Amino acid sequence: MPDVSDVSDVALAETEGQARIDAADSVEALRAVEAEVVGRRSRLASLQQGLAGLPPDERRSRGRQLNEARARLQASLDLRRVEMGKSERRARLESERLDLTEVLPRPGPGHLHLVTQTQAELEDVFVGMGFTVAEGPEAETDWHNFEALNIPPGHPARSMWDTFYLRLGPPGSTLLRAHTSPVQIRVMQSQPPPIFIVAPGRAYRRDTPDARHLPVFHQIEGLVVDRGVSFADLSGTIEAFTTAYFGPAIHSRLRPSYFPFTEPSAEYEINCTICRGAGCRTCSGTGWVELGGAGMVDPNVFAAVGIDDEEWSGFAFGFGIDRCAQMRHGIADMRVLLDNDIRFLSQF
Ligand code: FA5
């Protein structure tokens with residue numbers, strides 16, 4: 001049992017206690033110091049227990065000394081706790097501070113998607129040749145998309161353009177257009193010849209995506225109706241377009257084909273720009289890529305819109321805009337056009 005009659009014991013316990021309080025470097029550490037300095041197992045507590053054996057007068061005076069020493073240490077602990085709490089809070093706030101005025105490096109302004117750029121360029125080429133730009137709806141009637149184009153119900157050619165039907169009107173009457181050719185019909189219904197239009201826009205088909213196909217893609221339709229229009233005008237127009245858009249190094253060819261709304265009909269192909277004609281996955285090993293279809297407007301189409309085919313003749317074509325972009329920029333797989341990958345898009 002320590003000798004509480006010795007004042008220096010109390011003073012020593014207080015001095016030591018104060019030193020430990022001063023040395024504590026966190027609120028957490030201070031809590032441990034508090035238990036050691038003024039707690040039940042502290043040196044002051046054991047001195048307190050020693051008071052019992054003292055004569056009453058001395059017990060009172062020593063007791064007062066102990067109480068005063070404990071009160072000073074407790075006050076010192078409380079003060080340190082408040083100060084430390086403040087500085088710890090300040091440090092936490094500083095570490096969590098958000099500088100809302102900070103200017104982060106920005107990736108720069110965006111730009112139009114490659115397909116949109118290509119559409120604008122194709123429009124420019126044809127406007128430069130004297131065409132105007134027309135538009136039509138993407139949700140089309142069966143009549144505009146098929147029947148007026150000489151594809152009656154049950155016609156086998158319908159399977160070439162298998163598409164998505166909408167729950168709108170009588171069943172099978174409304175669909176997402178499978179090509180831009182219905183715009184030909186709308187234009188011929190709305191204005192008399194001569195007609196020189198191109199109609200770019202989206203088309204939809206139940207095509208499985210692959211290197212050359214997307215289920216949602218873009219076409220640019222062309223229609224010329226005038227007196228004395230011939231197949232030579234069609235092939236001259238396609239030739240002029242190929243040189244203007246792809247440059248003189250790319251060769252094109254027309255191959256006989258079949259479309260119910262043109263007669264005769266042709267397929268328009270250019271050298272594959274991925275393999276330069278050698279044959280690759282993109283062109284299915286042929287060295288040529290089909291960009292579109294074309295032909296002379298079929299008399300049945302003129303009849304559907306009330307144009308006299310004795311007086312007027314015309315040609316039409318429909319090219320894939322995504323395919324044009326693909327061939328112009330050497331894109332091996334068309335699916336990247338839908339990926340929205342900034343590393344691809346930022347190259348154009
Ligand atoms: C047609 O769509 C005809 N309407 C074109 C036409 C117009 C012929 C006027 C005669 C007169 P076709 O199904 O072949 O034809 O498509 C034309 C072009 O659209 C293709 O050569 C190709 O470039 C593009 N195309 C067709 N399907 C897809 C697809 N799923 N994904 C991307 N491009 C496609």
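Counting convention: from 1, in listed order, for ligands and their atoms alike. Being a predicted model, the structure only gives us computed values, none of them experimental.
- Near Ala316, with a cut-off below 4.0 Å to any heavy atom, the atoms of ligand 1 are 9 (C), 11 (C).
- The heavy atom nearest to atom 22 (C) of ligand 1, out of those in Met296, Arg323, Met160, Met327, is found in Arg323.
- Ion pair Arg81/Glu34 flagged as a salt bridge, since at least one NZ, NE, NH1 or NH2 atom sits closer than 4.0 Å to an Asp/Glu carboxylate oxygen.
- Residue contacts with ligand 1 include Arg212, since one or more of its heavy atoms lies under 4.0 Å from the ligand.
- Between the side chains of Gln219 and Arg202, not a single donor N or O lies within less than 3.5 Å of an accepting N or O.
- The shortest N or O to N or O distance between Gln219 and ligand 1 is under 3.5 Å.
- For the pair Trp161 and ligand 1, a heavy-atom separation below 4.0 Å is found.
- Close N/O approach between Phe259 and ligand 1 is not found [any backbone or side-chain N/O within under 3.5 Å].
- Closest to atom 3 (C) of ligand 1 by heavy atom, among Phe217, Phe315, Phe261, is Phe261.
- Of the protein's non-hydrogen atoms, Gly293 C, 3.4 Å is the one closest to atom 8 (C) of ligand 1.
- The pair Glu14-Arg70 fails the salt-bridge criterion, with no side-chain N (NZ, NE, NH1 or NH2) lying under 4.0 Å from an Asp/Glu carboxylate O.
- In terms of polar-atom proximity, Leu214 is counted as a contact of ligand 1, with an N or O under 3.5 Å from an N or O of the ligand.
- Between Ser181 and ligand 1, an N or O atom pair is found at a separation short of 3.5 Å.
- Under 4.0 angstrom from ligand 1, there are no non-hydrogen atoms of Ala203.
- Considering backbone and side-chain atoms together, Arg205 places an N or O closer than 3.5 Å to an N or O of ligand 1.
- In terms of protein heavy atoms, atom 20 (C) of ligand 1 is closest to Glu290 OE2, 3.4 Å.
- Of the options Leu234, Asp207, Leu291, Thr262, the smallest heavy-atom separation from atom 23 (O) of ligand 1 is shown by Leu291.
- Arg281 and Asp210 are not joined by a salt bridge, as no carboxylate oxygen comes within less than 4.0 angstrom of a charged side-chain nitrogen.
- The closest side-chain donor-acceptor pair between Thr242 and Tyr268 falls under 3.5 angstrom.
- At least one heavy atom of Gln184 lies less than 4.0 angstrom from ligand 1.
- Between Phe241 and Phe319, the distance from one ring center to the other falls under 6.0 angstrom.
- When the options Cys324, Gly295, Gly318 are ranked by their closest heavy atom to atom 7 (C) of ligand 1, first place goes to Gly318.
- Side-chain atoms of Tyr165 and Thr174, non-hydrogen and from C-beta on, never get closer than 4.5 Å to each other.
- Checking Glu121 against Gln117 by side-chain atom types alone, no donor-acceptor pair falls below 3.5 Å.
- For His179, every heavy-atom contact with ligand 1 shorter than 4.0 Å involves the side chain, none the backbone.
- Considering only heavy atoms from C-beta on, Cys280 comes within 4.5 Å of Ile274 through its side chain.
- No heavy atom of Glu267 sits closer than 4.0 Å to any atom of ligand 1.
- Between His179 and Phe146, the ring planes lie tilted relative to each other; the angle falls in the 30° to 60° range.
- Under 4.0 Å is where a charged nitrogen must lie from a carboxylate oxygen, and between Arg97 and Glu94 at least one such pair does.
- On a distance-only criterion, Glu221 and ligand 1 share no N/O pair closer than 3.5 Å.
- Here the heavy atom of the protein found nearest to atom 24 (C) of ligand 1 is Gly320 CA, 3.7 Å.
- Other residues, nucleotides and ligands contribute more than 12 heavy atoms inside 6.0 Å of the CD atom of Glu96.
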